[in-house]
A.B. asks: 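Please see the structure below; I have some questions.
Any value given below was found using the heavy atoms of this structure, including those in side chains, with hydrogens, waters and symmetry copies removed.
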Amino acid sequence: MDLGIKGKSAIVCAASKGLGRACARSLAREGVSVTICARGEDALRATADEIRTMFGVRVDAVVADVATPEGRAKLLAACPQPDILVNNAGGPPPGDFRQWTRDDWIKALDANMLTAIELIKATVDAMAERGFGRVVNITSGAVKAPIDVLGLSNGARSGLTGFIAGLARQPRLASRNVTLNNLLPGVFDTDRLQSGLKIQSSKTGKSIQEVSEARRATVPAGRFGTAEEFGEVCAFLCSAQAGYLTGQNILLDGGAYPGTF
Ligand SMILES: NC(=O)c1ccc[n+]([C@@H]2O[C@H](COP(=O)([O-])OP(=O)(O)OC[C@H]3O[C@@H](n4cnc5c(N)ncnc54)[C@H](OP(=O)(O)O)[C@@H]3O)[C@@H](O)[C@H]2O)c1
């Protein structure tokens, strides 16, 4: 299916690896020019080269920490008026809330709530003027089914979710073909998952294969999601066809969430 977004431009945050990279690839395949960012230069340049070679679109790579005002300014300077914005950043560390300081909370809120809000603020009104805009926020299945040790993530991402629920319904955006949705990953096979499995293996003394199988067994699909599957759903949310789909939280988790809604 042609997604009807050829020639559009996108900012995809935190996209040298994993889910962000997959979103950038799927958009590029549709003929969207992409501006991607990450903090580490080597992986970012490699991803940019790969996407350019595979899909022949314009790819701008911006070395930046998107959770900082300077990083966001660099990103917006490279692409001041995107048609599509995919918000993403690294997730906060696990732990016990008794040990977290105000600084820990501010870091999590900055990365997983306020950064997305700042980038939305800088871009959506111009999208509305042009009559097309798509915002996709990568959040987490933990917004729907909180994970105890990920309290920083549960809290910060739920804050973003509540904000988006209100903003997406503003007529000045919705009536101008600007949609805002959240994509909630369950367990996806990315570097982040692999490093989590390694930590679990060294803590429990079990092999990586054992902890990996135990984790897979929690997913009715019997496997981890692939980044490519995630990128494809993101591209659909950014499509011309998805113009009536806004303010939603779309869970991609292989059936792991046990509820009806
Ligand atoms: N994978 C899953 O199963 C899963 C499940 C639930 C939620 N999530 C959430 O989804 C998001 C993406 O996860 P992932 O699995 O794709 O992670 P990943 O494989 O570790 O990739 C993270 C990407 O984000 C970049 N990045 C991280 N922090 C950044 C920052 N402050 N500024 C710019 N770039 C940044 C990284 O590059 P640099 O390090 O070089 O900056 C890298 O390109 C995270 O928030 C994660 O918590 C993932």
A.B. asks: Without swapping roles, check the side chain of Asp2 against the backbone of Gly4 for a donor-acceptor pair under 3.5 Å.
C.D. replies: yes

A.B. asks: Carefully, step by step, assess Val63 and Leu44 under the rule side chain to side chain contact (heavy atoms under 4.5 Å, CB included).
C.D. replies: CA-CA 7 Å; Val63 179; Leu44 183 70; 4.0 Å; yes

A.B. asks: Under the 3.5 angstrom rule, does the side chain of Thr218 hit a backbone N or O of Arg215 as a donor-acceptor pair?
C.D. replies: yes

A.B. asks: Would you kindly say whether Gln194 and Asp189 are connected by a side-chain donor-acceptor distance under 3.5 Å?
C.D. replies: yes

A.B. asks: Check the pair Leu193, Phe188 against side chain to side chain contact (heavy atoms under 4.5 Å, CB included), reporting the backbone distance first and the verdict last.
C.D. replies: CA-CA 7 Å; Leu193 176 74; Phe188 278 81; over 6 Å; no

A.B. asks: Which atom pairs, donor and acceptor, lie under 3.5 Å between side-chain atoms of residues 155-165 and protein residues at least two apart or in another chain?
C.D. replies:
residue: Arg157; atom: NE; partner: Ser153; partner atom: OG; Å: 2.8
residue: Ser158; atom: OG; partner: Asn154; partner atom: O; Å: 2.6
residue: Thr161; atom: OG1; partner: Arg157; partner atom: O; Å: 2.7

A.B. asks: Just by distance, with hydrogens left out, do Thr115 and Arg72 show a side-chain donor and acceptor under 3.5 Å apart?
C.D. replies: yes

A.B. asks: Heavy atoms only: give me the nearest Leu75-Cys37 pair and the separation to one decimal.
C.D. replies: CD1-CB, 3.8 Å

A.B. asks: Output yes when a side-chain donor or acceptor of Ser239 lies under 3.5 Å from a complementary backbone atom of Phe236, and no otherwise.
C.D. replies: yes

A.B. asks: Applying side chain to side chain contact (heavy atoms under 4.5 Å, CB included) to Asn181 and Val135, what does each step give before you reach the verdict?
C.D. replies: CA-CA 6 Å; Asn181 293 290; Val135 177; over 6 Å; no

A.B. asks: Does any non-hydrogen side-chain atom of Pro146 lie less than 4.5 Å from one of Asp148?
C.D. replies: no

A.B. asks: Under a 4.5 Å cut-off applied to non-hydrogen side-chain atoms, are Ile120 and Asn137 in contact?
C.D. replies: yes

A.B. asks: Any salt bridge linking Arg130 with Asp83? Criterion: basic side-chain nitrogen under 4.0 Å from a carboxylate oxygen.
C.D. replies: yes

A.B. asks: Can you tell me how far CH2 of Trp105 sits from NZ of Lys107, rounded to the nearest 0.5 angstrom?
C.D. replies: 14.0 Å

A.B. asks: Supply the atom-to-atom distance Ile106 CD1 to Asp103 CG, rounded to the nearest 0.5 angstrom.
C.D. replies: 7.5 Å

A.B. asks: Carefully, step by step, assess Glu232 and Arg29 under the rule salt bridge (charged side-chain N to carboxylate O under 4.0 Å, His left out).
C.D. replies: CA-CA 10 Å; Glu232 291 298 286; Arg29 192 205 55 226; 2.7 Å; yes

A.B. asks: Could you pull out all residues at least two apart from Glu41 that satisfy salt bridge (Lys or Arg N to Asp or Glu O under 4.0 Å)?
C.D. replies: Arg45

A.B. asks: What are the two closest heavy atoms between Ile51 and Ala28, and how far apart are they?
C.D. replies: CG2-CB, 3.4 Å

A.B. asks: Under 3.5 Å, is there a donor-acceptor pair between the Arg134 and Asn177 side chains?
C.D. replies: yes

A.B. asks: Does Phe55 share a hydrophobic cluster with Met1, counting links as ILVMFWY side-chain heavy atoms below 4.5 Å and allowing steps through other members?
C.D. replies: yes

A.B. asks: Distance to the ring centre below 6.0 angstrom and angle to the axis at most 45 degrees; does that hold for Arg216 and Phe224?
C.D. replies: yes

A.B. asks: Compare every heavy atom of Ala168 with every heavy atom of Ala174, then report the nearest pair and how far apart it is.
C.D. replies: CB-O, 3.7 Å

A.B. asks: If you group Ile, Leu, Val, Met, Phe, Trp and Tyr by side-chain heavy-atom gaps below 4.5 Å, do Val143 and Leu19 land in one group?
C.D. replies: no

A.B. asks: Under the criterion side chain to side chain contact (heavy atoms under 4.5 Å, CB included), I'd like the reasoning laid out for Cys238 against Leu3: C-alpha separation, chi angles, the key distance, then a yes or no.
C.D. replies: CA-CA 8 Å; Cys238 297; Leu3 298 185; over 6 Å; no

A.B. asks: Once you round to the nearest 0.5 Å, how far does CG of Leu114 lie from NZ of Lys121?
C.D. replies: 10.5 Å

A.B. asks: In the hydrophobic cluster built from side-chain contacts under 4.5 Å, what are the other members alongside Val149?
C.D. replies: Ile147, Leu150

A.B. asks: With a 4.5 Å cut-off on side-chain heavy atoms, are Ile117 and Met113 touching?
C.D. replies: yes

A.B. asks: Measure the shortest side-chain to side-chain distance between Ser9 and Val32 over non-hydrogen atoms and say whether it is less than 4.5 angstrom.
C.D. replies: no

A.B. asks: To the nearest 0.5 Å, how far apart are SG in Cys79 and CD1 in Ile84?
C.D. replies: 10.0 Å

A.B. asks: Please say whether more than 12 non-hydrogen atoms of neighbouring residues, nucleotides or ligands are located less than 6.0 Å from CG in Asp96.
C.D. replies: yes

A.B. asks: Please identify which of these residues, Leu183, Leu119, Val66, Thr139, meets the side-chain contact (heavy atoms from CB on, under 4.5 Å) condition with Asn87.
C.D. replies: Leu119

A.B. asks: Please report the closest heavy-atom contact between Ala67 and Ala111, naming both atoms and the distance.
C.D. replies: CB-CA, 4.0 Å

A.B. asks: Taking the basic N atoms (NZ, or NE/NH1/NH2) and the acidic carboxylate oxygens, is any pair closer than 4.0 Å for Arg102 and Asp104?
C.D. replies: no

A.B. asks: If hydrophobic clusters are built from ILVMFWY residues whose side chains come within less than 4.5 Å, do Phe230 and Leu245 share one?
C.D. replies: yes

A.B. asks: So, for Val57 and Ser33, which heavy atoms are closest and what is the spacing to 0.1 Å?
C.D. replies: CB-CA, 4.4 Å

A.B. asks: Would you check if Thr35 and Val12 make a side-chain contact, meaning some heavy-atom pair closer than 4.5 Å?
C.D. replies: no

A.B. asks: Find out whether Ile138 and Pro185 are in side-chain contact, i.e. whether some heavy atom of one side chain is under 4.5 Å from a heavy atom of the other.
C.D. replies: yes

A.B. asks: Could you check whether any side-chain heavy atom of Leu237 comes within less than 4.5 Å of a side-chain heavy atom of Gln248, counting everything from C-beta outward?
C.D. replies: no

A.B. asks: Does one hydrophobic cluster hold both Leu184 and Tyr257, with members joined at side-chain heavy-atom distances below 4.5 Å?
C.D. replies: yes

A.B. asks: Does the salt bridge (charged side-chain N to carboxylate O under 4.0 Å, His left out) test come out yes or no for Asp125 and Arg172, once each step is laid out?
C.D. replies: CA-CA 9 Å; Asp125 288 333; Arg172 65 185 277 196; 3.5 Å; yes

A.B. asks: Could you tell me if Glu50 and Thr47 have a donor-acceptor pair between their side chains, going purely by distance under 3.5 Å?
C.D. replies: no

A.B. asks: Kindly give the heavy-atom pair with the smallest separation between Pro171 and Ser175, and that separation in Å.
C.D. replies: O-OG, 2.6 Å

A.B. asks: Is the shortest heavy-atom distance from the side chain of Asn112 to the side chain of Pro92 under 4.5 Å?
C.D. replies: yes

A.B. asks: Would you call Asp49 and Arg52 a salt bridge, using N to O less than 4.0 angstrom?
C.D. replies: yes

A.B. asks: Distance from Asn249 atom CG to Asn182 atom CG, nearest 0.5 Å?
C.D. replies: 4.5 Å

A.B. asks: Supply the atom-to-atom distance Gln170 CD to Thr246 OG1, rounded to the nearest 0.5 angstrom.
C.D. replies: 11.0 Å

A.B. asks: When you group the ILVMFWY residues by side-chain heavy-atom contacts below 4.5 Å and let the links chain together, are Leu252 and Leu27 in the same group?
C.D. replies: yes

A.B. asks: Under 4.0 Å between a side-chain nitrogen and a carboxylate oxygen: does that hold for Glu228 and Arg25?
C.D. replies: no

